[in-house]
Amino acid sequence: MILLALHPELSPFIGKNYPQAPLKVLFLGESHYLPAAYNHKVGQEWYERSTASYSFTTEALAWLNTAAIIRHDVIESNCKNPAHNIYRNIGKVYGEVFAKGNYPQALEYIAFGNYFLRPAEVCGESIVINGWEEEVRSFQQLVALEKQLQPALIVFVSKKAYESFVRVAQAEGATALLAKAKSVPHPNSAWWNRSITQYEGRSGKEELERALRNPLSC
């Protein structure tokens with residue numbers, strides 16, 4: 001994957017026990033962030049330049065490394081940063097459904113990455129998609145990642161990312177990929193524990209439980 005060669009820190013988290021998982025699931029968020037000092041300082045040139053060429057601080061580089069965040073700040077840490085509830089909540093549900101313990105143990109069975117492999121323009125805000133070319137680029141990266149990890153289920157926890165994926169997948173006729181993809185509310189949002197009409201009254205947490213228990217019917 002060419003983009004990950006330029007930006008290896010964006011590589012997804014892959015749990016140590018993913019190859020033996022009872023259900024191989026690739027979870028996808030929206031995008032990475034940089035500290036506010038870098039707002040609007042990274043644009044479309046990102047796809048042609050290496051991370052090293054930006055001379056980011058050590059702190060900024062750490063913000064981009066989702067795999068290290070999940071490994072060191074979630075699985076191996078007792079400090080519960082609220083921003084990392086997304087990973088803890090995913091792990092808790094996976095652990096409950098497949099009897100794999102609490103989130104530190106359960107996260108070792110899943111994979112997690114971001115769909116858009118470019119940092120959002122503004123720290124903490126949704127990424128601004130720059131046209132069809134960027135959507136296709138993100139889709140192609142997922143195709144390569146899916147081939148590598150061969151998940152049975154792909155769960156998007158970003159509505160924007162899922163809708164972009166569906167647009168391109170339908171245009172490309174990627175029916176097999178569409179069939180294994182599912183969207184649930186962000187695990188760090190109010191909808192995680194709130195009844196949602198779209199899901200027949202199920203909360204985001206309950207919708208993920210349903211997807212994990214019945215991946216072929218979703």
Closest non-hydrogen atoms of Asn39 and Cys123, given as atom of the first, atom of the second and distance, are OD1-N, 2.9 Å
- Task: Answer yes or no: is there a donor N or O on one side and an acceptor on the other, between the side chain of Asn188 and the main chain of Pro82, under 3.5 Å?
- Result: yes
If hydrophobic clusters are built by linking Ile, Leu, Val, Met, Phe, Trp and Tyr wherever their side-chain heavy atoms come under 4.5 Å apart, do Val42 and Leu61 end up in the same one? yes
Self-check item: Pair Glu134-Tyr47, side-chain donor/acceptor within less than 3.5 Å
Solution: yes
(message) I'd like to check Val155 versus Leu28 (side-chain heavy atoms, cut-off strictly below 4.5 Å). Are they in contact?
(response) no
Salt bridge (charged side-chain N to carboxylate O under 4.0 Å, His left out), that's the test. Do Lys182 and Glu207 meet it? Break it down for me. CA-CA 10 Å; Lys182 172 71 179 175; Glu207 185 64 11; 2.5 Å; yes
Separation between CD1 (Ile154) and CG (Leu26), nearest 0.5 Å, reads 5.5 Å
Nearest heavy-atom approach of Gly113 to Pro12 is CA-CB, 4.0 Å
Nearest heavy-atom contact between Ile110 and Tyr18 is C-CD1, 3.8 Å
d(Gln141 CD, Leu117 CG) to nearest 0.5 Å is 5.5 Å
* **salt_bridge(Lys100, Glu108) N-O dist < 4.0 Å** => no
Exercise. Got more than 12 heavy atoms from elsewhere within 6.0 Å of CD, Gln44?
Worked result: yes
Notebook entry, point to check: Got Asp73 and Cys79 here, is their nearest side-chain heavy-atom distance under 4.5 Å?
Noted result: no
- Show your reasoning for whether side-chain contact (heavy atoms from CB on, under 4.5 Å) applies to Val93 and Trp192. CA-CA 11 Å; Val93 172; Trp192 190 243; 3.8 Å; yes
*Return yes if some donor-acceptor pair links the side-chain N/O of Asn81 with the main-chain N/O of Ala83 below 3.5 Å, else return no.*
yes
With sequence neighbours left out, the residues meeting side-chain hydrogen bond (donor to acceptor under 3.5 Å, both in side chains) with Ser126 are Glu30, Lys160
Rounded to the nearest 0.5 angstrom, the OG-CG distance for Ser158 and Asn114 is 8.5 Å
- prompt: Can you say whether the rings of Phe112 and Tyr87 are parallel (under 30°), tilted (30 to 60°) or perpendicular (over 60°)?
  reply: perpendicular
Gly101 and Ala106 have their tightest heavy-atom pair at O-CB, 4.1 Å
Please confirm whether the backbone N or O of Asn102 pairs with a side-chain atom of Gln105, one donor and one acceptor, at under 3.5 Å?
yes
Gln140 meets the side-chain hydrogen bond (donor to acceptor under 3.5 Å, both in side chains) criterion, sequence neighbours left out, with none
CG (Asn89) and NE2 (His84) are apart, to the nearest 0.5 Å, by 13.0 Å
To the nearest 0.5 Å, atom OH of Tyr94 lies from atom CG of Leu208 at 10.5 Å
| message | Determine whether Trp132 and Val168 satisfy the following criterion, side-chain contact (heavy atoms from CB on, under 4.5 Å), listing intermediate values before the conclusion. | response | CA-CA 9 Å; Trp132 183 248; Val168 182; 3.7 Å; yes
Result for ring-ring contact (aromatic ring centres under 6.0 Å, His included) between Phe156 and one of Tyr162, Phe116, Phe27 points to Tyr162
query = Shared ILVMFWY cluster between Tyr38 and Val128, side chains joined below 4.5 angstrom?
reply = no
**OP:** Ignoring hydrogens and angles, tell me if any N or O in the side chain of Lys180 forms a donor-acceptor pair with the backbone of Pro151 under 3.5 Å.
**Re:** yes
Is the ring centre of Tyr109 less than 6.0 Å from the ring centre of Phe98? no
Q. Quick check: does any side chain N or O of Ser203 sit under 3.5 Å from a backbone N or O of Arg194, one acting as donor and the other as acceptor?
A. no
Please determine whether a side-chain nitrogen of the Lys or Arg among Lys205 and Glu209 lies less than 4.0 Å from a carboxylate oxygen of the Asp or Glu. yes
Practice problem: Any chance you could lay out the side-chain contact (heavy atoms from CB on, under 4.5 Å) test for Leu6 and Thr51, step after step, and finish with the verdict? | Solution: CA-CA 7 Å; Leu6 289 173; Thr51 305; over 6 Å; no
Notebook entry, point to check: Mind checking whether Trp191 and Ile90 sit in one hydrophobic cluster, side chains of I, L, V, M, F, W, Y counted as touching below 4.5 Å?
Noted result: no
* **Phe56-Trp63 aromatic ring centre distance below 6.0 Å** => no
Scanning both residues in full, the closest heavy-atom pair of Ile129 with Ser164 reads CD1-CB, 4.3 Å
Q. Short question: side chain of His7, backbone of Arg49 - any donor-acceptor pair under 3.5 Å?
A. yes
*So, the side chain of Ser77 versus the backbone of Val74: is there a donor-acceptor pair under 3.5 Å, distance only?*
no
Q) Is a side-chain N or O of Ser53 found less than 3.5 angstrom from the main chain of Ser50, in a donor-acceptor match? A) yes
Fill in: Leu149 with Leu142, same ILVMFWY side-chain cluster at under 4.5 Å
yes
**Asked** For Glu206 and Arg210, what are the C-alpha separation, side-chain angles and deciding distance, and is it a salt bridge (charged side-chain N to carboxylate O under 4.0 Å, His left out)?
**Response** CA-CA 6 Å; Glu206 291 168 337; Arg210 176 175 177 268; over 6 Å; no
So CD of Glu121 and CG of Asn130: to nearest 0.5 Å the spacing works out to 8.0 Å
Ion pair Glu96/Lys92, N-O distance below 4.0 Å: no
Residues Phe165 and Ala181: closest non-hydrogen pair is CE2-CB, 3.4 Å
Worksheet item: Going through the distances and angles, do Glu45 and Arg118 end up as a salt bridge (charged side-chain N to carboxylate O under 4.0 Å, His left out)?
Response: CA-CA 10 Å; Glu45 82 289 340; Arg118 172 175 66 83; over 6 Å; no
Verify the cluster assignment for Leu23 and Val157: are they in a single hydrophobic cluster under the rule of side-chain heavy atoms below 4.5 Å apart? yes
* Residues Lys24, Gln150; criterion side-chain contact (heavy atoms from CB on, under 4.5 Å); working and verdict -> CA-CA 8 Å; Lys24 290 183 178 179; Gln150 299 186 345; 5.5 Å; no
